[in-house]
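In what follows, a single structure is set out as structure tokens and then discussed.
Remember, predicted model here, so these are calculated numbers, not experimental data.
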Amino acid sequence: MTIKSLIFTSVISLGFGRVVQAQNSPVSDSTRVYKKRVLESTEVDILSSYYSQDGDNAAVSGGIGTEELTDATGTIIVSIPLNDDDVLTIDAGISAYTSASSSNINPFDSNDPADPFTASSGASSGDIWVNGNIGYSHSSDDRNTIYSGKVSVASEFDYFSLGFGGSITKLFNEKNTELSLHASVYLDTWKILYPYELRPFADNGPGLNDEFYQGRIITGNPDYAPSLHEIDSKGRNSYSGGLNFSQILSKNMQGSIALDVVKQQGQLGTPFQRVYFADVANSYIENFQLADDIEQLPDSRFKIAVGGRLHYFINEFLVLRTYYRYYSDDWGISSHTASLEVPVKISDKFTLYPSYRYYNQTAADYFAPYETHLSTQNYYTSDYDLSKYSANQYGFGVSYTDIFTKAHIWKFGLKSIDLKYYHYDRNTSFNSNIITVGIKFVQ
């Protein structure tokens, strides 16, 4: 699990602009039919966020140590109408982060004594993540069928990802009923990075005779001999599919249900995440415990999730948005998510968005805390993302909308501004905060 996937799977999701649906408008000449364009003009979304987290259970240092991290992200999304029926969407994002936990992939490259609760200042203490997506959608003449596809690419210091996806959406019952099917494939390639102290033992290396250990004092057990299980595969493939069904139940209520399945194969463990065994004597350099091994996880994983939404329009000023999801996988994790958002319209241009989200999950079969695993086990990890925990997230946002786009920058009118803040608390000492800003312009 990369840092970007952690950030972006537990906090916030960014999407393309919604497509305007419209029926054909016949004219007197029966041989001609006029139709409204799916997207009237080019739209530009500028999105940014600032994220920070902290905790005491870093997976890089075997379930102990600082999880401090900050991340600043910027994304631009451009939606371009190609004609009446087709829309091209291009988006690109860049993220710069600093991470105290990943800095301890090599905790020995600082002038300060190595310590799992102190960030190192080496090359792994920060990095840049970039991604790009190209999407295309086509709507039928009656606007009851929508086909879409996308290609994505992402890169970070330790992995490269290439993705493909597509969907088909059908509207029925005078557009009161909607059914969509979607599928995607992600092909990821890892750069294998072991914890620094294990590298001399890789590929039958010199071990304690390596230059790294010369002149360093090993305390505790001086005969350090880790059981490094080296990684053969550098690839990870993810295949996902699902369906969504939504229905307008009354003039005030809309509901939807969704089913998603994911199959992953390949290298599913993170090569630089340490594990410490209860039945192996501890070895230290300075204040840092040397790894007994890296986490070992199965090379396949199957996930399934079922969820539903119910939105109720109370009046023109107040809406209730509820959500529930159940998740399960063959690693032993099951989880429940429930959330409530209550948009409050305080004027024709401003809306407030208070929200609350609750989450809990069981532990994976292969998880155990620091120095609890045994060396005789086949699989082991001390990554607290796979532990048993519960979490609460509190959010508040404000949205400004001007359908007449009176404010302009060059040829683009300002349509909306969204500002949101979320605070997340997990009962494992982990917490995070994120501020997001979204600005939409229309040509």
Side-chain angles (χ1 to χ4, degrees), residues 2-3 54-70 97-128 156-159 190-232 234 267 269-296 369-376 380-383:
T2 66
I3 292 172
D54 203 359
D56 299 320
N57 302 112
V60 172
S61 44
I64 59 172
T66 178
E67 296 177 83
E68 185 179 356
L69 179 147
T70 61
Y97 69 86
T98 60
S99 171
S101 61
S102 66
S103 75
N104 283 327
I105 295 173
N106 179 8
F108 309 105
D109 58 358
S110 173
N111 293 327
D112 298 322
D115 190 299
F117 290 94
T118 302
S120 176
S121 59
S124 58
S125 62
D127 196 58
I128 300 293
E156 199 176 350
F157 79 97
D158 64 331
Y159 91 107
W190 284 92
K191 178 181 179 181
I192 304 303
L193 295 174
Y194 296 117
Y196 201 80
E197 70 272 24
L198 292 179
R199 297 176 191 178
F201 294 88
D203 300 320
N204 298 314
L208 292 179
N209 293 322
D210 185 81
E211 180 181 354
F212 166 73
Y213 286 99
Q214 304 307 304
R216 296 183 184 271
I217 299 174
I218 299 178
T219 58
N221 175 25
D223 300 319
Y224 177 57
S227 56
L228 174 61
H229 287 76
E230 296 186 50
I231 295 173
D232 297 325
K234 295 183 179 180
Q267 177 55 39
T270 304
F272 51 75
Q273 293 188 169
R274 295 173 174 87
V275 171
Y276 300 110
F277 298 129
D279 55 343
V280 173
N282 298 342
S283 299
Y284 300 85
I285 292 179
E286 298 168 347
N287 299 324
F288 201 94
Q289 185 174 346
L290 306 182
D292 294 329
D293 199 355
I294 60 173
E295 72 173 9
Q296 297 293 316
Y370 162 74
E371 213 166 49
T372 307
H373 285 292
L374 299 176
S375 61
T376 54
Y380 32 80
T381 178
S382 293
D383 185 345

Would you check if Asp383 and Glu295 make a side-chain contact, meaning some heavy-atom pair closer than 4.5 Å? yes
Partners meeting side-chain hydrogen bond (donor to acceptor under 3.5 Å, both in side chains) with Ser382 (sequence neighbours left out): none
Quick one, Val60 and Arg274 - any side-chain contact, counting heavy atoms below 4.5 Å? yes
Can you find a heavy atom in the side chain of Gln267 that is under 4.5 Å from one in the side chain of Tyr159? no
Atom CD of Glu68: over 12 foreign heavy atoms under 6.0 Å: no
Does some side-chain heavy atom of Asp292 sit less than 4.5 Å from a side-chain heavy atom of Val275? no
Check: Trp190 and Asp158 side chains under 4.5 Å, non-hydrogen atoms: yes
Pairwise salt bridge (Lys or Arg N to Asp or Glu O under 4.0 Å) hits with a residue in residues 211-226, at least two apart: none
Sequence-distant partners of Gln289, side-chain hydrogen bond (donor to acceptor under 3.5 Å, both in side chains), two or more places apart: Asn282, Tyr370, Glu371
Any residue meeting side-chain contact (heavy atoms from CB on, under 4.5 Å) with Thr118, in chain and number order, not counting sequence neighbours: Asp115
List the steps, then state whether side chain to side chain contact (heavy atoms under 4.5 Å, CB included) holds for Phe117 with Asp56. CA-CA 8 Å; Phe117 290 94; Asp56 299 320; 4.3 Å; yes
Quick one: are the ring centres of Phe212 and Tyr196 less than 6.0 Å apart? yes
Which pairs of donor and acceptor atoms, one on a side chain in residues 198-206, lie under 3.5 Å apart (sequence neighbours left out)?
residue	atom	partner	partner atom	Å
Arg199	NE	Tyr194	O	2.8
Arg199	NH2	Tyr194	O	2.9

Under the side-chain hydrogen bond (donor to acceptor under 3.5 Å, both in side chains) rule, collect the residues that match up with Asn57, sequence neighbours excluded. Ser429
If I compare all heavy atoms of Tyr224 with all of Leu208, which pair ends up nearest, and what's the gap? O-CD1, 3.6 Å
